[in-house]
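Notes to accompany the following structure.
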Amino acid sequence: MPQAQIIDGRVFAEHLRGVVAAEVADLRAKHGLQPGLAVVLVGADAASEIYVRSKGEHSVAVGMHSLTHKLAADTPQAELLALIAALNADPLIHGILVQLPLPKGLDERAVLAAIDPEKDVDGLHVVNAGRLASGLPALTPCTPLGCMIMLRETLGDLTGKRAVVVGRSVLVGRPIAQLLLQADCTVTIAHSRTQDLPAVCREADILVAAVGRPQMIRADWVKPGAAVIDVGINRVPSRDPEKAAAGKTRVVGDVAFKEVSQVAGWITPVPGGVGLMTVACLLKNTVTAARRINGLTAA
Ligand code: GUN
């Protein structure tokens, strides 16, 4: 079997960050407008801390105003809501992201609902989810947006393709299904209760794995030549037994990369695939929000 072509997230993300940096420079020069992104982290989840640091560093690198608020895990809901209200009212901030998951005791839905939909660069407010589902312009969740950019650039026109999304999360599965539908794909959303999941996956020209189960998608689940997009970021014990015993981990996707890359036509690696595009799309969404808030049309 031929080896699948790698869809390199590093290349796509670098290109998109360059585009965003040019847009930020243009907004600053022509309109005196510096897009601003506020990221809120509650608690000290190790993976979340890494993601939040990366979001702050990348926003500064493209010339944006960047704010990071770190709150204790036992922060009362009212205090978090008060911070969001202050960020909603802050004219220097155009994008607000509350890193998920939130510590137990905080109501995720209520927190997301408190963010001004115009500043909801995560696209998780029900107004943006509803606009997306209705085919209206919306701030769109970053990981699905990144997947779509890579798919379009790699495959070109997606019209009529069979797309199967495995996973129905609000963060990835549902919004990417909507975006694939908007691109005129025939879309199936599969999940843990789907009967004969391998057979459903084998129908896909585009297979998006977003289940959070390490290496669940096997080679015999994949149609030869399909494009496989792996959204999974799963920590598993290190291959080296000594390191594993010492608690060392490695990151794998939802796709069994080695064997699937013998069957697929295109595949995103983990790490080095979708994850890198997520932050780049967050920057893009922040520019989009800054433009809309200031009544400017897209560049
Ligand atoms: N945690 C993991 N991915 C995401 C994301 O895209 N947005 C937020 N807010 N939290 C996350």
Side-chain angles (χ1 to χ4, degrees), residues 9 13 16 37-59 66-71 73 75 80-81 83-84 87-88 93-104 106-117 119-129 132 138-150 165 167-179 208-214 229-235 251-254 268 270-271 273-286 288-289:
L16 183 55
L37 173 66
V39 179
V40 180
L41 173 64
V42 189
D45 178 75
S48 290
E49 285 203 342
I50 293 169
Y51 296 142
V52 165
R53 193 178 327 126
S54 163
K55 287 166 185 171
E57 286 169 0
H58 280 300
S59 42
S66 166
L67 270 185
T68 302
H69 286 273
K70 291 190 177 181
L71 306 181
T75 298
L80 178 55
L81 293 178
L83 171 61
I84 292 171
L87 294 170
N88 283 342
I93 293 299
H94 308 96
I96 302 169
L97 179 142
V98 177
Q99 186 69 25
L100 302 175
L102 288 172
K104 282 197 180 67
L106 291 172
D107 180 348
E108 211 159 274
R109 273 176 202 256
V111 169
L112 294 177
I115 297 171
D116 179 349
K119 297 190 176 186
D120 171 37
V121 283
D122 233 359
L124 298 178
H125 192 288
V126 288
V127 165
N128 281 313
L132 178 64
L139 286 166
T140 305
C142 304
T143 300
L145 199 54
C147 294
M148 289 305 292
I149 291 171
M150 293 197 291
V165 179
R168 53 180 158 177
S169 70
V170 169
L171 207 57
V172 182
R174 287 169 201 248
I176 199 166
Q178 293 296 341
L179 290 171
V208 180
V211 258
R213 296 251 215 107
I229 305 293
D230 189 352
V231 181
I233 301 178
N234 308 290
R235 290 196 174 273
V251 173
V252 298
D254 292 347
T268 60
V270 176
V274 171
L276 298 169
M277 276 300 272
T278 299
V279 180
C281 287
L282 175 65
L283 305 176
K284 179 74 185 160
N285 275 351
T286 305
T288 302

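Counting starts at 1 for both ligands and their atoms, following the listed order.
- Checked by atom type and distance alone, the side chain of Asn285 never pairs as donor or acceptor with a backbone atom of Asp122 at under 3.5 Å.
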Between ligand 1 and the protein, find all N/O pairs closer than 3.5 Å and give the distance for each.
residue	atom	partner	partner atom	Å
ligand 1	1 (N)	Gln99	NE2	3.2
ligand 1	1 (N)	Leu100	O	2.9
ligand 1	7 (N)	Asp122	OD1	3.1
ligand 1	7 (N)	Asp122	OD2	3.1
ligand 1	9 (N)	Val98	O	2.8
ligand 1	9 (N)	Asp122	OD2	2.4
ligand 1	10 (N)	Leu100	N	3.0

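- Ala110 and Leu81 get closest at one heavy-atom pair: O-CD2, 4.1 Å.
- Among residues two or more places apart in sequence or in another chain, the side-chain hydrogen bond (donor to acceptor under 3.5 Å, both in side chains) test is passed with Asp120 by Asn128.
- In this structure, Ser59 contributes its side chain and Lys55 its backbone to a donor-acceptor pair below 3.5 Å.
- Here the side chain of Lys119 pairs a donor or acceptor atom with the backbone of Leu87 at under 3.5 angstrom.
- For Asp254 (side chain) and Asp230 (main-chain N/O), no donor-acceptor pair under 3.5 Å exists by modelled atom type.
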